[in-house]
Protein chains: 2
Amino acid sequence: MKHITLKDLAKQLGLSTATVSKALKNYPDVSDETKKSVQDLARELNYEPNSFALGLRSKESKIIGVIIPTMIHYFFSSVLDAIFKEAEQRNYMVIVMQSNEEYCNEKKQVDLLLNKGVDGILISLSNKTNDFKHLQKIIDYDIPLVLFDKIAKLVNCSKVFIDDKKAAYEAVSYLISKGYKRIAHFRGDLNPQNSIDRFLGYKKALEDHGITFDPSLVYLCDNNSDFSDGYSSAKQILLDHGDNVDAIFTVNDLMAIGAINYFNEKGIKIPEQIALFGFSNWFMASVITPSLSSIDQNAYQMGKKSIEILFEEILSKKSNKPFTHKKIVIDTELVIRNSC
Amino acid sequence: MKHITLKDLAKQLGLSTATVSKALKNYPDVSDETKKSVQDLARELNYEPNSFALGLRSKESKIIGVIIPTMIHYFFSSVLDAIFKEAEQRNYMVIVMQSNEEYCNEKKQVDLLLNKGVDGILISLSNKTNDFKHLQKIIDYDIPLVLFDKIAKLVNCSKVFIDDKKAAYEAVSYLISKGYKRIAHFRGDLNPQNSIDRFLGYKKALEDHGITFDPSLVYLCDNNSDFSDGYSSAKQILLDHGDNVDAIFTVNDLMAIGAINYFNEKGIKIPEQIALFGFSNWFMASVITPSLSSIDQNAYQMGKKSIEILFEEILSKKSNKPFTHKKIVIDTELVIRNSC
DNA sequence: TTGTATGCGTTATCAC
DNA sequence: GTGATAACGCATACAA
């Protein structure tokens with residue numbers, strides 16, 4: 001079976017393709033009679049305009065591109081879920097690519113998307129990205145761009161993110177309010193802003209509450225900041241500090257869960273002997289034992305806002321209206337459970 | 001900044017677009033000299049052929065479409081991970097759509113993908129799909145189609161799946177071998193084949209080991225077969241059977257984890273008072289307490305195989321070779337942990 | 001060895 | 001009210 005074209009319709013009706021095209025778009029200068037016959041036949045034969053031809057003429061693809069570090073991540077799945085739903089409502093399709101936390105992949109993927117003629121791009125930067133020429137290229141090509149979650153402050157585009165420093169500050173303040181004093185931090189990679197900000201929030205909360213910051217309580221997890229990092233850091237911190245540490249604030253839930261597993265194995269009581277506070281509020285946090293206190297990042301909201309802004313910019317561009325980039329801060333929420 | 005076209009190159013070099021086009025594709029009938037000058041300039045200006053024009057001529061989009069029930073699912077994320085990696089290697093891009101377990105979404109999405117001119121389609125069917133006209137349409141349009149995981153036996157295309165019945169049989173047989181006798185089953189939706197097959201495997205294992213099948217031990221979870229289903233069914237089974245049940249085989253891990261949570265809350269010892277066996281081997285299964293025995297579905301392998309077959313068919317079609325559809329059964333594996 | 005002409009499917013401009 | 005024509009960017013058959 002082949003796709004029906006304007007030509008097919010025109011031939012069957014003894015009209016020109018020009019008239020058929022105009023009839024389908026309800027142009028005023030076509031008689032109602034021809035309009036009806038054209039539209040009826042088009043419906044009957046399930047005519048759909050060829051998207052390549054459309055693209056060639058209009059430069060519009062009705063596709064938006066999304067680049068994320070990784071797919072297998074509760075946070076990003078949730079963001080994508082929102083993006084898909086919003087895109088679909090607007091009759092847009094979504095091309096997804098994974099950078100796998102590699103700058104060179106991200107760069108190549110940007111080129112591919114630009115070449116494919118996507119109408120807009122959403123990116124959550126890889127941890128290794130600290131050169132932004134590829135993002136500038138998107139802007140130079142005049143393609144709307146929105147950065148979310150892992151953003152670059154210096155790039156001139158819209159951004160959707162959370163206040164990592166504030167969220168971390170609140171979490172650590174909560175721990176302090178519960179009486180914990182020797183609070184460690186399992187921090188993430190040195191590079192990404194999130195990781196830096198969460199560390200800064202941790203540090204500031206200590207200082208504001210009169211607790212001296214002790215660098216030896218900060219553990220750098222530069223692998224993947226994943227389960228095994230949490231597990232091994234938990235082991236290490238006991239070797240280093242014994243019971244002279246009473247709580248750990250981790251840069252993400254996975255590390256907290258790794259730590260919980262280690263402590264559970266060793267029969268160390270949570271939160272009595274050591275308390276834990278995660279970050280991201282993965283589904284998992286609610287079902288492990290003990291359930292993990294965490295910071296909800298509102299992933300769905302982040303995805304929704306990101307694509308909403310992207311579409312605003314796409315529409316502005318289409319109608320040649322000016323557009324001022326937005327910076328949206330998504331609210332976070334402390335979710336207190338049994339780990340502290 | 002604008003995209004460079006053949007015309008731009010031609011103008012700058014004082015050549016025709018035809019010659020430039022041929023030079024770029026290394027045609028034998030272009031002088032080495034012009035070839036070099038063209039290729040040098042193309043590289044310098046970062047020329048990339050316009051993908052709409054390419055599509056319009058060749059009918060190839062270099063895009064494949066994937067429809068899955070939902071994004072937020074460890075299994076599907078892992079499948080997508082594999083699909084992305086394999087597609088990228090072949091310079092293909094991937095459009096992803098979620099059916100949200102709704103037939104009408106799935107149908108609409110198929111139409112969108114066909115209209116977009118994708119070169120191939122991968123689908124894991126929604127639980128509610130039991131009409132396959134939309135799939136037939138793909139076949140009629142001569143677009144390669146591979147069904148994976150949630151397949152339809154009657155549709156004439158390649159399929160990649162696991163042997164659900166066998167896997168369930170093995171899990172339940174394992175429970176029996178450990179001495180459990182009153183083994184319940186939390187089953188999934190009545191419609192999808194997976195759910196049916198897992199139930200049949202459960203039943204057959206009982207019968208083959210001389211345990212009478214007791215229908216009152218089968219709980220139908222027709223909501224989403226998710227965490228809360230597991231939790232509430234766990235509650236119900238205790239009301240119905242008290243301690244006259246010693247193990248539960250669940251249709252997926254989420255339901256098992258829901259049940260574990262209920263039993264943990266009530267202080268019911270796992271596996272001493274009741275054992276559990278899940279299905280899918282989500283990451284979560286390894287980190288909850290107690291860790292959950294499950295069946296690993298080899299999601300990555302399933303994604304990889306699916307797209308490999310899809311590309312085989314795409315290539316065959318391109319070179320007008322015949323292609324016989326394949327049925328690939330992905331091996332599953334029992335992963336025994338502390339819940340039984 | 002290079003250039004001209006055509007078509008892919010659509011739409012906009014301009015004749016008729 | 002309708003139709004011929006050109007253009008979007010590319011590749012190719014064919015002419016020079």
Side-chain angles (χ1 to χ4, degrees), chain A residues 1-39 41-42 45-63 91 114-119 141-142 318, chain B residues 1-39 41-42 45-63 91 114-119 141-142 318:
Chain A
M1 195 155 43
K2 270 195 66 226
H3 286 271
I4 302 291
T5 69
L6 280 187
K7 213 195 254 178
D8 297 330
L9 297 180
K11 200 185 291 175
Q12 282 205 41
L13 293 165
L15 291 168
S16 72
T17 60
T19 308
V20 173
S21 170
K22 282 184 271 191
L24 286 172
K25 317 198 93 192
N26 247 315
Y27 271 46
D29 59 349
V30 178
S31 76
D32 287 352
E33 205 181 353
T34 22
K35 257 185 208 169
K36 187 169 168 7
S37 68
V38 169
Q39 286 169 0
L41 185 64
L45 300 182
N46 261 309
Y47 167 77
E48 291 284 345
N50 177 295
S51 71
F52 297 124
L54 243 36
L56 191 56
R57 274 195 66 87
S58 68
K59 263 74 185 140
E60 264 195 351
S61 61
K62 292 283 193 175
I63 296 179
N91 280 312
L114 286 176
N115 181 246
K116 191 51 83 185
V118 296
D119 297 343
Y141 272 85
D142 203 23
K318 219 163 145 179
Chain B
M1 195 155 45
K2 270 195 65 222
H3 286 272
I4 302 289
T5 68
L6 278 187
K7 214 196 252 180
D8 297 330
L9 296 180
K11 201 185 290 174
Q12 281 204 40
L13 293 164
L15 291 169
S16 72
T17 59
T19 309
V20 173
S21 171
K22 283 185 273 190
L24 287 171
K25 316 199 93 192
N26 248 313
Y27 270 48
D29 59 350
V30 179
S31 76
D32 287 352
E33 207 181 351
T34 23
K35 256 186 208 168
K36 186 168 168 12
S37 67
V38 169
Q39 286 168 1
L41 185 66
L45 301 182
N46 261 309
Y47 168 76
E48 291 283 348
N50 177 295
S51 73
F52 298 124
L54 244 35
L56 193 54
R57 270 194 67 86
S58 69
K59 263 72 185 139
E60 263 195 352
S61 61
K62 293 282 192 175
I63 295 178
N91 281 311
L114 286 177
N115 181 246
K116 191 49 85 186
V118 296
D119 297 343
Y141 272 85
D142 203 22
K318 218 164 144 178

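Just so we're clear, the structure is a prediction, and the values are computed from it rather than from any experiment. Proteins get letters first, then strands, A, B, ... in listed order; numbering begins at 1 in each.
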Tyr141(A) versus Leu114(A), closest heavy-atom pair with distance: CD1-CD1, 4.1 Å
Just the rounded figure in Å: distance from [atom2] of [N] to [atom1] of [X].
X	N	atom1	atom2	value
Asp32(A)	dT2(D)	CG	C1'	15 Å
Leu54(B)	dC8(D)	CG	P	17 Å
Lys25(B)	dT1(C)	NZ	C1'	19 Å
Asp29(B)	dA13(D)	CG	P	11 Å
Phe52(A)	dT10(C)	CZ	P	12 Å
Leu24(A)	dG1(D)	CG	P	17 Å
Asn26(B)	dA11(D)	CG	P	13 Å
Lys11(A)	dG3(D)	NZ	P	15 Å

Tell me what [X] touches on the nucleic acid: a base, only sugar-phosphate, or nothing, going by heavy atoms under 4.0 Å.
X	result
Ser21(B)	base
Gly14(B)	sugar-phosphate
Asn50(A)	sugar-phosphate
Leu6(A)	base

To the nearest 0.5 Å, tell me how far [X] [atom1] sits from [Y] [atom2].
X	Y	atom1	atom2	result
His3(B)	Lys59(A)	NE2	NZ	9.0 Å
Asp8(B)	Thr17(B)	CG	OG1	11.0 Å
Leu15(B)	Ser21(B)	CG	OG	12.0 Å
Asn50(B)	Ile4(B)	CG	CD1	12.5 Å

Looking at [X], does any N or O in its side chain come under 4.0 Å of the phosphate oxygens OP1/OP2 on [N]?
X	N	answer
Tyr47(B)	dC10(D)	yes
Thr34(B)	dT1(C)	no
Tyr27(A)	dG1(D)	no

Does any part of the side chain of Lys116(B), heavy atoms only, come nearer than 4.5 Å to the side chain of Ile63(A), both counted from C-beta? yes
Any side-chain heavy atom of Val20(B) sitting closer than 4.5 Å to one from Leu41(B)? no
At a cut-off of 3.5 Å, list every protein nitrogen or oxygen paired with a nitrogen or oxygen from nucleotides 4-7 of chain D, distance to 0.1 Å.
{"from": "dA7(D)", "atom 1": "N3", "to": "Arg57(A)", "atom 2": "NH1", "distance (Å)": "3.2"}

Nucleotide of dT2(D), dT11(C), dT2(C) approaching Ser31(A) most closely (side-chain heavy atoms): dT2(D)
Of Lys35(B) and Thr5(A), the one whose closest DNA chain C nucleotide lies more 5': Lys35(B)
